[in-house]
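Written below as structure tokens is the structure these notes are about.
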Amino acid sequence: LLDHVKTGALDLSCVKELVLDEADQMLDMGFREELEGILDATPENRRTHLVSATFPRGIQQLAAQYQNDAVTIEGTQLGAANQDIEHRGHLVHNNNRYDTLVNLLLLAGDERTLVFVERRADAVIVAEKLEADGFSAMPLSGELAQNQRDRTMDAFRSGRAMVLVATDVAARGLDVPDVSTVIHTAPCIDGQVYTHRSGRTGRAGRSGQSILLSPPGRRYKVNRILKEAKVELTWLPVPTAKEVQKKISKRARVTLQNELTTALEQGSTDHHLTHAEELLA
């Protein structure tokens, strides 16, 4: 945008409203000079909106330079956790982390799930491993070109990919209303990051669940992070293979029952009856 302004290809002198989404990250990640360049090209009497889930004190002070007599609007109390999200945790040794992730995804079934990893390389590695194991998974990281990111997000929104493996930065601004589960494969660096991560579920009045995997030795640090995020998390045993199989069997029975009910309501055909007799035989 700034390049277009500098070359004269874009004129921002008529801009009346300017919206900066994920404002805390944009102002905190070294983009300040670029943002100031864009802001300088807009009229001083514009309205400036800063939108974010968290506004640390330093960011509030920085924002004051861009806004005069700003009005603060809170969808929820600033920094408060979304009450529509259930928070669960599992203590898992690193060598069992992937197996636990697989079990959690099997329990989630066909529900849209967002998996957070620590590094950009992990996003690709974990997504490829999950895909090889039969899950429709795709990676989302800062290394993706915009057209690749768009294709990935289209696949996630449409349901062609039910699992999105992402880094914190890549998932900023991600707006998919029906993400049912967020899985943190490792503890966050602080409470604000946890708030942002878990806030990808439980959106638009829907309920969701946030599941945190942590090595046993980091439980004390995790509790401190959760206290900072004002979140009450329930620690539970890792789901066993038996529990997963039971859930899958129950889900299959419900699906089959629904299919049978629909078929009976529509009425049988001679073709169906013939096929049924062959199956019974």
Side-chain angles (χ1 to χ4, degrees), residues 81-119 122-140 156 159 161-168 171 176 178-188 193-195 197-203 206-223 225-226 229 231-258:
N82 186 336
Q83 298 302 310
D84 294 326
I85 301 174
E86 176 193 3
H87 300 271
R88 304 204 318 261
H90 302 293
L91 296 176
V92 182
H93 290 287
N94 287 336
N95 57 348
N96 293 327
R97 186 162 53 181
Y98 180 76
D99 292 343
T100 302
L101 174 61
V102 167
N103 277 2
L104 292 172
L105 291 175
L106 288 172
L107 286 172
D110 293 330
E111 297 176 350
R112 202 170 269 99
T113 303
L114 178 58
V115 177
F116 279 102
V117 292
E118 294 181 281
R119 301 172 302 170
D122 294 335
V124 175
I125 293 169
V126 173
E128 288 180 349
K129 199 170 181 183
L130 287 172
E131 190 174 25
D133 285 336
F135 295 95
S136 55
M138 295 185 74
L140 183 71
F156 192 51
M162 297 304 294
V163 181
L164 190 64
V165 185
T167 56
D168 290 330
V176 180
D178 50 353
V179 173
S180 65
T181 304
V182 169
I183 300 175
H184 317 258
T185 60
C188 313
V193 171
Y194 182 86
T195 298
R197 280 186 181 184
S198 58
R200 300 304 105 187
T201 186
R203 299 168 78 86
R206 295 177 174 86
S207 60
Q209 57 179 349
S210 176
I211 304 174
L212 174 64
L213 305 184
S214 171
R218 295 181 67 182
R219 180 168 177 172
Y220 174 79
K221 181 181 178 182
V222 169
N223 285 336
I225 290 170
L226 294 171
V231 165
E232 289 189 13
L233 181 144
T234 303
W235 293 101
L236 296 169
V238 173
T240 63
K242 188 175 181 180
E243 290 171 337
V244 173
Q245 289 170 346
K246 183 178 179 181
K247 179 73 176 285
I248 291 173
S249 296
K250 182 179 179 181
R251 191 186 295 136
R253 285 198 303 273
V254 170
T255 301
L256 182 59
Q257 183 65 53
N258 290 337

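Throughout, numbering of the chain's residues begins at 1 and tracks the sequence. Just so you know, these numbers use all the heavy atoms, side chains as well, and skip hydrogens, waters and symmetry mates.
Under the 4.5 Å side-chain criterion, counting only non-hydrogen atoms from C-beta, S214 is not in contact with K221. Taking the side chain as every heavy atom from C-beta outward, L213 and L104 approach each other to under 4.5 Å. With a 4.5 Å cut-off on side-chain heavy atoms, D133 and Y98 count as touching. Residues V102 and L130 are in side-chain contact: their nearest non-hydrogen atoms beyond the backbone lie under 4.5 Å apart.
Of the inter-residue distances, the one linking I211 atom CD1 with R88 atom CZ reads 4.0 Å to the nearest 0.5 angstrom. The structure places NE2 of H93 at 10.5 Å from OG1 of T100, a figure rounded to the nearest 0.5 Å. Within the model, atoms CG of L226 and CD of E232 stand 10.0 Å from one another, a figure rounded to the nearest 0.5 Å. The line from OG1 of T240 to NZ of K246 is 10.0 Å long, rounded to the nearest 0.5 Å. Here N103 contributes atom CG and K247 contributes atom NZ; the two are 12.0 Å apart, rounded to the nearest 0.5 Å. To the nearest 0.5 angstrom, T234 atom OG1 is 12.0 Å from L212 atom CG.
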One pair to check against side chain to side chain contact (heavy atoms under 4.5 Å, CB included): L101 and F135. What are the steps and the verdict?
CA-CA 12 Å; L101 174 61; F135 295 95; over 6 Å; no

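Around the CG atom of D99, the shell of radius 6.0 Å holds more than 12 heavy atoms that belong to other residues, nucleotides or ligands.
Nearest heavy-atom pair across C188 and I225 is O-CD1, 2.9 Å. Residues L91 and R219 share a closest heavy-atom pair of CD1-NH1, 3.7 Å. Shown here for N223 and W235, the closest heavy-atom pair between the two residues is OD1-NE1, 3.5 Å. Taking every heavy atom of both residues into account, I85 and S198 meet most closely at CD1-O, 3.2 Å. Considering every non-hydrogen atom in both A127 and A137, the closest pair reads O-CB, 3.9 Å. Minimum interatomic distance between R97 and E118 (heavy atoms only, all atoms of both residues): NH1-OE1, 4.3 Å.
A parallel orientation is assigned to the rings of Y194 and H184, their planes being inclined by less than 30° (bins at 30° and 60°).
In terms of modelled atom types and a separation under 3.5 Å, the side chain of T167 and the main chain of R119 share no donor-acceptor contact. Counting only distance, with no hydrogens or angles, the side chain of R112 and the backbone of L164 share no donor-acceptor pair below 3.5 Å. In terms of modelled atom types and a separation under 3.5 Å, the side chain of S180 and the main chain of G208 share no donor-acceptor contact. Side chain of S136 to main chain of M162: a donor-acceptor pair is present (N/O by atom type, distance under 3.5 Å, no hydrogens or angles).
A side chain to side chain contact (heavy atoms under 4.5 Å, CB included) with V117 holds for exactly one of I125, I183, D122; it is D122.
Considering only residues two or more places apart in sequence or on other chains, F156 meets the ring pair (Phe, Tyr, Trp, His ring centres under 6.0 Å) condition with none of them.
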